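One structure is given here, and the rest of the page talks about it.
Remember, predicted model here, so these are calculated numbers, not experimental data.
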Amino acid sequence: MIRHPMTRGLATALPLILTATGGLAQEADPAPSQNDQGASTGEASAPSGDDGADTAAEQPTDAGDDDAAAEETQASAEPIPLVPETPTWDSFHGQLNAQKYSPLDQITADNVDRIEKVWEVHTGDVSDGSGDLPATVWSATPVFANDTLYIGTPFYRILALDPATGEEKWSFDTQSRLEALTQPALKNRGVAYWEADDPVEGESCQKIVYIGTMDARLFAVDADSGEPCADFGDAGVLDVNQWNDTNDRWPLSLLQPPTVVGDHLVLGWAGKDWAFEQAPPGTVFSLDARTGELEWTFETLPEEMREDSGTANVWTHMSADEELGLVYLPVSSPSPNYWGGNRTGEAPLATSTTAVDIETGEEVWHRQWVHHDIWDYDTNSAPTLMDITVDGEEIPALIQGTKQGYLFVVNRETGEDVWPIEEREVPRGDGTVEGEVYPETQPVPTRPEPLLDQAEKPDVWWLADLVGFGECSRLWDNLWYEGMYTPPTTKGEGTLAYPDSAGGVQWGGVAFNPESQVAVVNTSHITQFIQLYEREAYEEADSGSGNKTGFSPQEGAPYGMQLGTALNWLGMPCWEPPFGELVAIDMTTGEIDWRKPVGASQKYGFFMPESWGSPTIGGPAVTAGGVIFIGASMDAKLRAYSLETGEELWEDQAMAPAVANPAVYEYEGRQYVAFVAGGNTILKDQVGDQVAVYALPE
């Protein structure tokens, strides 16, 4: 049996351990024109002529002569501001722009140390995996709307809570089977909320809450009563899997709530990483918010590639600019994740940010962030939309955080660079992987600077090496690394991956304060290794997989793979700390204002020095009071930082890592901050069912 010694104990938590984290995905010498690079010159690309069939929409409904009337109505409508005019936290990222920003300033950097827990709720929907149920992974952002706090649970229930007391108004149980059909755990990232612009008095479901399930059903219930909406789908439930008609390997799991834009529900789905060469292709669906009727579909893979490959799906939330009429899709990598010999043609929308017309589903522009992705560098968070002033010019921009630790900034109307994004040469293969092709270049932003230095191998941590009797140094010597985008190999112990799919920016995304024009992002520094095995060798080597780590077959491809985290025998990270940082960027210049270790690593009840930081899952929220709120870290603490300086101002202990984005809202004149502490076994084996809400003393 072939087994690397560093994979022993990969299920152990991080530092002194770092959990062996892997994809955090789903929930994957030719010239540039000969591979997935597509439009790879650094210019934005829009569909033209006959190419539209592969990248734009299919429209099962007939718009007909309504187009002109719709255009006239749109032209006469009032502009929709990018930043809501009133405090809003009614979606996964707070607002459709994904800024995770609140204009509330009752809690400030000067008084945040006085906030206290005013209520908490334990949902009871939790499992540590030791019994009959799989473990739970709970990343649900609380949604504040309709004077109610709405929560989705990993048992696929909706709770409607009084925002001041936590008292339950109603609950709804989807009665879904609690099986890990596509994921290693039961997952939920919350609910979505919609309300009619012109509600009909006396009729139900003029305000709706939606929740999806792992078996691909979307439920719609009345936001006031919790009763199913009879006109939506089949008596309140829509079977999305009815459209799973190519490479039906798994249900189209609805772990992320739909993105609500006007009267549209824009819906992606999650699948099963690393398991198959052929998989369902990454279709995005637009549904009528009232009825669930299919409005349009958007295909991310070219038609000729869909049968042989798959995924390139949108498994995380999306953002939208309602005034421009655009929804922005963060598109993941194609299958299989670590070998691309089955998809050597162009697939320009894979691992991209793609702007789509919300009414028609037609592509407006796209930017591909990884050409021919064989590293599982999914675009895993909604791009954050912002208006910034650069060299005296007002620019409608977006910033896309990535697993690579890059922050790409482009004009959200056109996709053109704000600061230059350069195509730079990258390493090629070593000749051990048959059928593979390698892009000559990859896009690299010149500003902001990378959140971590991927040019050379990270330094070996002397303490871990000492405890491991030189184990880390020996591993480093046997891992191939020539900088970012070193391809997977079958040689030695494989390729060092820094960062790999567990590092960089995860699905919490980038926060932004529109007043100061400062962006805030948390980033993980994690070193992993990838090894490919020819099929016969893989069958001998496979010892099973944990939560996003270990061996995966890539069934159908000539190569299986192993992904591991570089730990010594005791589970200590082999690379130097910090293991995670919080970073603030001045978006008028693209320069970093400050960067600080965030959180603390923790094991056996002992907290490591905060100067070491922690890997993080979940993102920050920022406020007009100059405060950053974030959970996200291994130590299961909730924290507040100064937006101006990065100084830690407040902390409290939660029952598990708060891997969901916090929510900031106002109710009856009082400002609240809500955290969901549900845990994620990727960070460590600690789960929870806690909703904790804080405010200043009355």
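To the nearest 0.5 Å, atoms CG (Asp459) and CH2 (Trp575) are separated by 13.5 Å. Separation of atoms CG (Leu407) and CE (Met587) is listed at 7.5 Å; rounding is to 0.5 Å. The CD atom of Glu363 sits 8.0 Å away from atom OG of Ser352, with the distance rounded to the nearest 0.5 Å. How far OG of Ser552 is from CG of Leu563: 8.0 Å, rounded to the nearest 0.5 Å. Rounded to the nearest 0.5 angstrom, Arg595 CZ and Glu581 CD are separated by 4.0 Å. Separating the CH2 atom in Trp507 from the CG atom in Asn661 is a distance of 9.5 Å, to the nearest 0.5 Å.
Nearest heavy-atom pair across Phe408 and Pro445 is CE2-CD, 3.4 Å. Summarising the geometry of Pro280 relative to Leu252, their closest heavy-atom pair is CB-CD2, 4.0 Å, with the distance given to 0.1 Å. Closest of all the heavy-atom pairs between His372 and Val437 is CD2-O, 3.2 Å. Smallest separation of non-hydrogen atoms from Arg424 and Val444: NH1-CG1, 3.5 Å. Here the shortest heavy-atom pairing between Thr616 and Gln506 reads O-CG, 4.2 Å. What you find for Pro458 and Leu496 is that their closest heavy atoms are CD-CD2, 4.1 Å.
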Report the C-alpha distance between Phe529 and Gln562 in whole Å, list the side-chain angles of each, state the deciding distance to 0.1 Å, and finish with yes or no for side-chain contact (heavy atoms from CB on, under 4.5 Å).
CA-CA 8 Å; Phe529 56 89; Gln562 178 194 16; 4.2 Å; yes

Dump the intermediate steps for side-chain contact (heavy atoms from CB on, under 4.5 Å) on Val370 and Tyr485, then the final yes or no.
CA-CA 9 Å; Val370 182; Tyr485 301 115; 3.9 Å; yes

Could you go through Val410 and Trp365, starting from their C-alpha distance and side-chain angles, then the distance that decides it, and tell me whether this counts as side-chain contact (heavy atoms from CB on, under 4.5 Å)?
CA-CA 11 Å; Val410 299; Trp365 60 261; 3.9 Å; yes

Met561 and Tyr538: side-chain contact (heavy atoms from CB on, under 4.5 Å), yes or no, with the steps?
CA-CA 7 Å; Met561 52 80 62; Tyr538 175 81; 6.0 Å; no

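With Thr259 contributing its side chain and Met318 its backbone, the two residues share a donor-acceptor pair below 3.5 Å. Distance alone, capped at 3.5 Å, places no donor-acceptor pair between the Thr354 side chain and the Pro330 backbone. The closest donor-acceptor contact from the side chain of Asn97 to the backbone of Leu385 lies at 3.5 Å or more, if one exists at all. The main-chain N or O of Glu277 is found under 3.5 Å from a side-chain atom of Ser335 such that the two form a donor-acceptor pair. A donor-acceptor pair is defined here as one N or O able to donate and one able to accept, closer than 3.5 Å; such a pair exists between the side chain of Gln554 and the backbone of Tyr559. Looking at Asn244, its side chain does come within 3.5 Å of a backbone N or O of Trp250 through a donor-acceptor pair. Side-chain atoms of Arg412 come within 3.5 Å of backbone N or O of Met386 as a donor-acceptor pair. Between the side chain of Asn380 and the main chain of Val505, a donor-acceptor pair closer than 3.5 Å is present. Side chain of Arg249 to backbone of Gln278: a donor-acceptor contact under 3.5 angstrom is found. In this structure, Ser319 contributes its side chain and Pro383 its backbone to a donor-acceptor pair below 3.5 Å.
Atom CD of Glu534 has 12 or fewer heavy atoms from other residues, nucleotides or ligands within 6.0 Å. For Lys596, the NZ atom sits in a packed shell: over 12 heavy atoms of surrounding residues, nucleotides or ligands are nearer than 6.0 Å. By the 6.0 Å contact criterion, CD on Glu434 is open, its count of non-hydrogen atoms from other residues, nucleotides or ligands being 12 or less.
Under the 30°/60° scheme for interplanar angles, the aromatic rings of His317 and Phe92 are found to be tilted. By the 30° and 60° cut-offs, the orientation of the rings of Tyr377 relative to Trp375 is parallel. Classification of the Trp461-Trp612 ring pair by plane angle, with boundaries at 30° and 60°, yields perpendicular. Taking the six-membered ring where the residue is Trp, Trp274 and Tyr338 present perpendicular rings, their angle passing 60° and hence far from 30°.
Glu425 and Thr441 share no donor-acceptor pair across their side chains, judged by distance under 3.5 Å alone. At a cut-off of 3.5 Å, with distance as the only test, a side-chain donor of Thr489 or Thr432 sits close to an acceptor on the other residue. A donor atom on one side chain and an acceptor atom on the other are found under 3.5 Å apart for Asn313 and Ser332.
Side-chain contact between Ile374 and Pro488: present, with at least one pair of heavy atoms (C-beta onward) separated by less than 4.5 Å. Between Gln400 and Ser381, some side-chain heavy-atom pair lies under the 4.5 Å cut-off. Between Tyr328 and Asp321 the shortest side-chain heavy-atom distance falls below 4.5 Å. A 4.5 Å side-chain heavy-atom check between Arg367 and Asp417 finds at least one atom pair inside the cut-off. Using a 4.5 Å cut-off on side-chain heavy atoms (C-beta onward), Trp476 and Cys574 make contact. You'll find the side chain of Met484 reaches within 4.5 Å of the side chain of Tyr406, heavy atoms only. Two residues are said to be in side-chain contact when any heavy atoms from C-beta on lie closer than 4.5 Å; Leu452 and Pro499 meet this criterion. Side-chain contact between Ile399 and Ile585 is absent, with no heavy-atom pair separated by less than 4.5 Å.
Under the side-chain hydrogen bond (donor to acceptor under 3.5 Å, both in side chains) test applied with Trp369, the options Thr353, Thr402, Asp378 reduce to a single match, Thr353.
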